[in-house]
2 protein chains.
Amino acid sequence: MAQKRSGQSISSRIPERTITRLSIYLRCVEELVADGMTAVSSQQLAERFGLNSAQVRKDLTYFGQFGVRGLGYYTVGLKQNLERILGLNQKWEVALVGLGNLGSALLNYRGFQQRGFRILVAFENDPRKVGHRVGRVAVYHVQKLVPILKRRRIKMAVIAVPAGAAQGVADRLVAAGVHAILNFAPTQLSVPKGVKVQNVDLSVMLKTLSFYVVRSARDPVSPSHRALKK
Amino acid sequence: MAQKRSGQSISSRIPERTITRLSIYLRCVEELVADGMTAVSSQQLAERFGLNSAQVRKDLTYFGQFGVRGLGYYTVGLKQNLERILGLNQKWEVALVGLGNLGSALLNYRGFQQRGFRILVAFENDPRKVGHRVGRVAVYHVQKLVPILKRRRIKMAVIAVPAGAAQGVADRLVAAGVHAILNFAPTQLSVPKGVKVQNVDLSVMLKTLSFYVVRSARDPVSPSHRALKK
DNA sequence: TAGATTGTTAATCGATTAACAATC
DNA sequence: TAGATTGTTAATCGATTAACAATC
């Protein structure tokens with residue numbers, strides 16, 4: 001069951017949700033820094049997201065003691081720490097596999113570049129697309145995936161191929177040494193431990209929404225709940 | 001603490017994750033039906049996703065008793081039940097707000113249509129885009145949002161506007177009677193109870209991945225974990 | 001020093017899983 | 001009937017929250 005006391009290896013017991021919240025705290029702290037705030041308390045941070053202040057403090061102390069008792073957290077220092085923890089103090093080179101409908105959209109999506117994530121190679125099956133460039137991104141045949149990613153030491157990839165092809169692509173990515181995969185294919189990928197897959201399953205999300213619409217239709221919001229929240 | 005015994009109102013205690021898993025079960029059951037399988041056990045279903053068979057059974061019994069002891073679940077019946085529960089036995093009309101980079105991509109994305117979700121109106125701020133059509137989707141000014149959605153009784157919407165504009169859009173959607181929102185804006189929306197927001201925050205996902213790449217770099221996968229899984 | 005807020009332990013809550021009687 | 005698998009209860013596990021001593 002591994003050590004518990006302070007020496008706790010960071011690789012061990014950190015809940016996935018803590019990591020997700022860390023990114024959210026960072027966004028908030030960035031805004032605070034931009035607004036010229038120098039310090040913020042766990043209570044203030046928590047209020048922004050409807051979280052508990054103890055949770056904010058606990059999330060942060062997984063990685064160190066960043067606060068000052070009686071005062072809170074210095075925004076600039078906290079920002080730097082969060083960036084370091086999340087690995088955002090560096091540029092990331094990302095590979096994209098699949099240039100269909102969704103893949104092309106992602107390639108044009110500026111949101112990736114904003115945070116230092118740069119898609120700089122793409123892979124496709126369709127020979128009509130292979131060999132061209134889209135903007136400054138070169139498009140290669142999927143067969144070239146392993147050698148190219150190995151050579152460039154690319155560790156992050158986005159899968160935007162049909163469900164049926166996704167596992168094969170994932171296997172290649174793993175063979176190429178990729179550590180983290182953003183998977184848009186609506187299928188469960190099987191990868192070795194140590195490789196992180198983040199699924200973005202739009203189809204599942206729509207089905208979930210659909211459930212809640214049906215439910216609201218059946219159980220209308222009770223009057224007491226109407227028009228709360230400013 | 002509300003009733004517990006069987007009369008349990010469906011609106012009460014169903015974990016959100018159960019709903020997500022329901023959509024996943026459905027996908028699997030669809031494949032099984034297509035393959036001509038007539039029945040499936042909770043064990044078989046669970047194995048496909050690395051879940052626990054008790055969890056599969058528990059998820060399903062929130063909504064009724066669909067199984068046959070000694071046999072499992074009839075695939076066709078289970079499929080129909082899941083579709084009914086998730087509200088997928090009908091077409092959904094969806095509104096899209098924001099026709100920037102991401103919004104346009106979503107409009108072209110065929111994945112939505114596949115499941116009976118049809119984007120049939122879009123809203124924009126930019127007067128150059130308003131008044132045109134994209135395919136068969138009409139583009140209106142955001143100011144028209146409330147009356148148009150009310151008239152058409154649209155209950156689902158996708159937000160693809162910049163973070164700063166998202167809360168304002170959400171308020172309008174709520175005023176128009178929308179019950180479920182798929183939110184791509186990287187911001188926390190505040191909505192009344194009874195309205196479901198599903199966040200798809202690509203930026204948070206990338207930051208999460210980045211964390212795991214950093215971690216793998218520091219704690220390389222132990223040899224014993226290499227190359228497991230089929 | 002008095003007031004405030006952290007870091008951390010212990011209590012609580014909710015979700016997952018094991019176990020098994022019911023029953024096909 | 002014997003074998004299998006459900007539906008469901010009870011045990012386990014993990015994450016959230018309350019509470020408070022430490023300390024700025």
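Chain identifiers are assigned alphabetically (A, B, ...) following the order of the sequence lines, protein sequences preceding nucleic acid strands; residue numbering begins at 1 within each chain.
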Rounding to an integer number of Å, can you tell me how far [X] [atom1] sits from [N] [atom2]?
X: B/F49; N: C/dT16; atom1: CZ; atom2: P; result: 15 Å
X: B/K58; N: D/dT12; atom1: NZ; atom2: C1'; result: 13 Å
X: B/F66; N: D/dT8; atom1: CZ; atom2: P; result: 12 Å
X: A/L78; N: C/dT6; atom1: CG; atom2: C1'; result: 13 Å
X: A/Q55; N: D/dA18; atom1: CD; atom2: P; result: 11 Å
X: A/Y74; N: C/dA4; atom1: OH; atom2: P; result: 17 Å
X: A/L45; N: C/dT5; atom1: CG; atom2: P; result: 12 Å
X: B/E47; N: C/dT17; atom1: CD; atom2: P; result: 14 Å

Check whether any side-chain N or O of [X] sits under 4.0 Å from OP1 or OP2 of [N], and answer yes or no.
X: B/R13; N: C/dG14; answer: no
X: B/Y73; N: D/dA4; answer: no
X: A/R69; N: D/dA21; answer: no
X: B/R21; N: C/dT16; answer: yes
X: B/R57; N: D/dG7; answer: no

Name the pairing partner of [N], where a pair is Watson-Crick or G-U wobble with both distances under 3.5 Å, or state none.
N: D/dT8; value: C/dA19
N: C/dC24; value: D/dG3
N: C/dG14; value: D/dC13

Which one of B/T75, B/L78, B/V76 satisfies the side chain to side chain contact (heavy atoms under 4.5 Å, CB included) criterion with B/L32?
B/T75

With side chain to side chain contact (heavy atoms under 4.5 Å, CB included) as the test, pick out the partner of B/I159 among B/L96, B/L182, B/N183.
B/N183

With a 4.0 Å cut-off on N to O distance, would you call A/E16 and A/K196 a salt bridge?
yes

A/K207/A/D201 ion pair, N-O < 4.0 Å:
no

What nucleotide among [options] has an atom nearest to a side-chain atom of [X]?
X: B/V68; options: D/dT16, C/dC24, C/dG7; value: C/dC24
X: A/P15; options: C/dT16, D/dT6, D/dA15; value: D/dA15
X: A/N52; options: D/dG7, C/dG7, D/dA18; value: D/dA18
X: A/A54; options: D/dG7, D/dA19, C/dT9; value: D/dA19

Residue mapping more 5' on DNA chain D - nearest nucleotide basis, A/L51 or B/Q43
B/Q43

Report the relative orientation of the aromatic rings in A/F211 and B/F63; use parallel for angles under 30°, tilted for 30 to 60°, perpendicular for over 60°.
perpendicular

So what does B/S42 hit on the nucleic acid, given a heavy-atom distance under 4.0 Å: a base, only sugar-phosphate, or nothing?
sugar-phosphate

Is it true that the side chains of A/Q55 and A/D59 contain a donor and an acceptor less than 3.5 Å apart?
no

